Amino acid sequence: MSKDFYTASELAALGYVPERLTSVFGEPDSVDGEFRWDTDTVDAVERDVLAPAARIMFDAFAPEWNTRVQMTGSNLALGCGAAEPAGTGSEVA
């Protein structure tokens with residue numbers, strides 16, 4: 001039997017940031033107070049959006065990948081300079 005939906009806790013266990021599930025997968029269905037996203041929606045977003053984006057990001061940032069992974073682990077946006085505040089001396093000249 002195939003799975004019909006993912007819950008917020010299941011998606012978080014897969015590594016998604018709980019606070020960003022709606023921005024990634026859209027508005028969830030609510031069943032008995034539990035948020036659920038349709039499996040077809042999650043699969044389509046992963047296949048059509050996230051996988052191609054990951055390939056581009058890996059190619060673009062492969063030399064600095066450890067830094068980028070640490071940024072996402074800290075819930076920071078990629079490539080926006082959010083890792084350090086301005087004026088710390090680490091800016092690229």
Side-chain angles (χ1 to χ4, degrees):
M1 182 174 179
S2 65
K3 186 168 185 57
D4 293 331
F5 61 87
Y6 287 96
T7 65
S9 60
E10 289 171 329
L11 291 169
L14 292 172
Y16 291 101
V17 176
E19 295 81 15
R20 296 192 179 162
L21 292 174
T22 300
S23 66
V24 173
F25 299 112
E27 290 295 325
D29 295 325
S30 181
V31 178
D32 296 327
E34 178 180 57
F35 293 127
R36 296 178 176 184
W37 286 265
D38 182 75
T39 299
D40 292 337
T41 300
V42 172
D43 291 346
V45 168
E46 288 181 338
R47 179 188 64 241
D48 299 338
V49 178
L50 299 177
R55 284 191 291 274
I56 291 167
M57 294 298 292
F58 184 79
D59 287 345
F61 296 108
E64 301 176 32
W65 197 245
N66 286 336
T67 300
R68 302 299 176 184
V69 170
Q70 290 170 357
M71 289 172 67
T72 58
S74 300
N75 199 18
L76 298 173
L78 288 174
C80 71
E84 293 187 48
T88 60
S90 65
E91 293 83 9
V92 176

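A quick note: this is a predicted structure, and the numbers were derived from the prediction, not measured.
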Q | Partners meeting side-chain hydrogen bond (donor to acceptor under 3.5 Å, both in side chains) with Thr41 (sequence neighbours left out) | A |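 Listed in chain order: nothing, the list is empty.
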Q | Residues that Tyr16 engages under ring pair (Phe, Tyr, Trp, His ring centres under 6.0 Å), provided they are two or more places apart | A |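 Partners of Tyr16 under the ring pair (Phe, Tyr, Trp, His ring centres under 6.0 Å) test: Phe25.
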Q: Report yes or no: does Ser30 contribute a side-chain atom to a donor-acceptor pair with the main-chain N or O of Phe35 at less than 3.5 Å?
A: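 Here the side-chain-to-backbone pair does not exist.
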Check residues 48-56 and write down every donor-acceptor pair under 3.5 Å in which the side-chain atom is one partner and the other belongs to a residue at least two apart or another chain.
none

Q | Nearest atoms (heavy-atom pairs only) where Gly26 meets Trp37 | A |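 Answer, listing the atom of Gly26 first, then Trp37: O-NE1, 2.8 Å.
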Return a table of donor-acceptor pairs under 3.5 angstrom between the side chains of residues 6-15 and protein atoms on other chains or two or more places apart.
residue, atom, partner, partner atom, Å
Thr7, OG1, Ser9, OG, 3.2
Thr7, OG1, Glu10, N, 3.2
Thr7, OG1, Glu10, OE1, 3.4
Glu10, OE1, Lys3, NZ, 3.2
Glu10, OE1, Thr7, N, 2.8
Glu10, OE2, Lys3, NZ, 3.0

Q: Enumerate the residue pairs fulfilling salt bridge (charged side-chain N to carboxylate O under 4.0 Å, His left out) with a member in residues 33-47, sequence neighbours excluded, ordered by first and then second residue.
A: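 Sorted result for residues 33-47: Glu34-Arg36.
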**Q.** Same cluster (ILVMFWY, side-chain, under 4.5 Å), Val24 and Val42
**A.**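 Same cluster: Val24 reaches Val42 through Ile, Leu, Val, Met, Phe, Trp or Tyr contacts under 4.5 Å.
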